[in-house]
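Data first, discussion second: the structure below is written as structure tokens.
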Amino acid sequence: MASLDELNQLGELEIYEPMPNVVLANARNFVGVILNWMRNWAQRCSIYPVYIGMKCCAIEMAATMASRYDTERIGVLARASPRHCDVLWINGPVTIKFASRLRDVYDQMPHPKWVFATGECAISGGPFWQSPTIVEGVDQVIPVDVFVPGCPPRPEAMWAGIFRLQEKIKADGIFVPEPLLPEPREFYDRDPPFHDYRIKLKKESKKEEK
Amino acid sequence: MSLESHLQSLKEKYSSKLILLEKTEKNRLKLQVTQENLLEVMQCLKYEMGFSSLESIAGLDWETYFEVVYHIDRWDGDPTLLQVHVRLDDRENPMVPSLTSIWASANWHERELWDLYGISVKDHPNLKRLLLPDEWDEFKHKHISELYPMRKEYKLPEKPYSFKPHPK
Amino acid sequence: MSEQMFIHLGPQHPVNHGLWTLKIKSEGERVVDSEIMIGYIFRMIEKIAESRPYDTFQPIADRLCYVSAMAWEASYILTIEKLLGIEVSRRAQYMRVILLEFQRIASHLTWLSAYAGDLGVLTMLVIPYREREYILDILEHVTGSRMMYNFFRLGGLRSDFPQGFIEDAKALTFYLDERIREYKAMLDDSKVFRLRSKDVGILGKEDALDLGATGPVLRASGVQADLRKIEPYLVYDEIDFKIPFQKAGDCYARFQIRMEEIMQSTHIIRQALAGMPSEGEIMIKAPRQLPKGDVYFRTEDPRGEAGFYIVGNENRNPYRVKIKSPAYSNLSIGSHLLRGAKIADIPPIIASLDLCMGEIDR
């Protein structure tokens, strides 16, 4: 199976460290906190997903973005190029053939980015779990923030998932006190993505102070 | 231009080459051919009898021999459908002649046959993997696998492998 | 002297509806050669079917082509009924026809949103979804689910129509007629739409039969071929409707045929609602084993001719289930149609073939 280690050894994977925004991330004064709050509000109220449509949940994604359950009123607008986007909306099973391409798309997205996985096929392979060509759950290839169960989930369930993602962005970003935020609360959420640059920044800043 | 007239003309022309010819249902004719005579019989079906399109090619794996089934159709108001069976006894190197020179729609169907069953096709212009990834031959899988997964020797797992830790 | 250039429209691209790769070799603005690679959602449904009992496969047959789920369920159940020799009551047959025609309209509306949206009429990306929501509302009232219905059973359906369905369905057909006339007039008036669709992607009659085209693609090339008239199944031989066909063979002809098919579907639904008998059995008990033998049955999907070839071997699991999907045959024409076209003509040609990747890589 194409796990991350195998892909890294095959030379197809490049995990790079992003440029840290030292001014805003370490801010503890009044102006910095206000700027951080504004940045966080802009991030969570204009989520742009990438235009990937894999399978049945993609039709429900299209129905969620269409006239009746309109997500454009909270700022969700799909964009074609991954370089313009925040969120990777996974809506179908991931096969071995597609796993390396999906990782490419995820790597091309600039930080900060989140992953929103809908449907049973993204959670654990879905109704096709017996098949030898399917990766069991999309979080063996990319780190996932919010899962939405259902086969396919109703548009109302996808709305609930988007609200959950917005709460998560809000909780992650304004002010990072010591110690770091506790574990995620709800049973939908998973652990934060494993390339967490804030942890690295905090360790380096502690060393510098000492 | 009905089913009985097709039956009659096939019997007259090619009774020596066909092993079996019978009418199974109201609009279906079942034929069985050997591998050497296949190309000739198919050419006759297209050019002399006017069956103008090939619907699908299916592979079957009976445990000791393979079988390939062709469905051939005509689209001019006559609902006859022919079902041609070919039996391949060679289990190591099954081979079937290619029909891309007769019907161009056989291209992808034969590639899928090669991909999933291992039945090679002679004179095919582009015999490559279609549905499985190109690196399937080099993968090491965590459970038993085969190069050609639709054969009966490969069985699907009964219980899921849970790679995931239990959520807290 | 122009140079050759290779362009890959990779798996993630807004023009491919679904995941497949299109590799183009172009000289200047013309396409010289192209290659299509599929298989990015290949799940081996045929192998899964061999490992489970025949009456539990049907929810997976739903997920073959997710836009027209009911048509694939119907195809599978009708093949199994033919293999077992079961007769269905007339009331159940009329009910099936009504649901299938609603599903056909919903599928064509999704196609319309993708096609017109690709050509630049950006308002049409969201408008057909409004009508589709009304149809899904009615289907949810009957079956309980929006997309994956799991409603067909051996010998009929899972449950009867609820109260008030007949009046609602009839009112919905009149509303849909009016809306489709409006959309057709709106798109016919648009000069850009006509310029981008006329004389683009022409497919001749001999080529269409040889390369294996089915459905509206075949009917746009001049072949009068509809399985509901050639080999009628369910009660289509008692209902009066016409088959649209055109001789031009270009994208505009395919667009016109699909819009006309929606109007014919509403006509069929009204006749079926009027002629439905009021009493009959809905479901029977499933027999224990599949007999030895094979059967090939084909139905008219919104995309073309869908076929199931099922081989039974005196077991509860089927021995082999082969799925013949219309979009697979239509996509293999793609290389032929793109030869000689300009690069800006690629979206209309691809979108007019009406692809649904779930049934192409099953």
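None of the values given here were measured: they were computed from a predicted structure. Numbered from 1 within each chain, the chains take letters A, B, ... in sequence-line order.
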So which part of [X] gets closer than 4.5 Å to some heavy atom of chain A, the side chain, the backbone, both or neither?
X       : answer
S113(C) : neither
I41(C)  : both
E140(C) : side chain
I45(C)  : side chain

query = What residue in A58(A), A66(A), S81(A) has the most heavy-atom pairs under 4.5 Å with chain C?
reply = A66(A)
message = Taking E359(C) first and then K324(C), would you say they form a salt bridge - that is, a charged N and a carboxylate O separated by under 4.0 Å?
response = no
task = Look at the rings of Y115(C) and W111(C) and say which category their plane angle falls in: under 30° parallel, 30 to 60° tilted, over 60° perpendicular.
result = parallel
task = Report the option among I127(C), V126(C), V67(C) that has the most heavy-atom pairs separated by less than 4.5 Å from atoms of chain A.
result = V126(C)
task = Count the heavy atoms belonging to other residues, nucleotides or ligands that lie under 6.0 Å from OH of Y183(C), then report whether that count exceeds 12.
result =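 Correct, the count exceeds 12.
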request  = Please step through side chain to side chain contact (heavy atoms under 4.5 Å, CB included) for the pair L187(C) and F255(C), ending with a clear verdict.
outcome  = CA-CA 10 Å; L187(C) 288 171; F255(C) 158 76; 3.8 Å; yes
ask   = Would you say the side chains of T143(C) and S145(C) form a donor-acceptor pair under 3.5 Å?
value = no
ask   = With only heavy atoms counted, which part of V94(A) is less than 4.5 Å from chain C, the side chain, the backbone, both or neither?
value = neither
request  = Using the salt bridge (Lys or Arg N to Asp or Glu O under 4.0 Å) rule, take R146(C) and E60(A) through it: C-alpha gap first, then chi angles, then the decisive distance, then the call.
outcome  = CA-CA 9 Å; R146(C) 276 165 61 100; E60(A) 290 289 56; 3.2 Å; yes
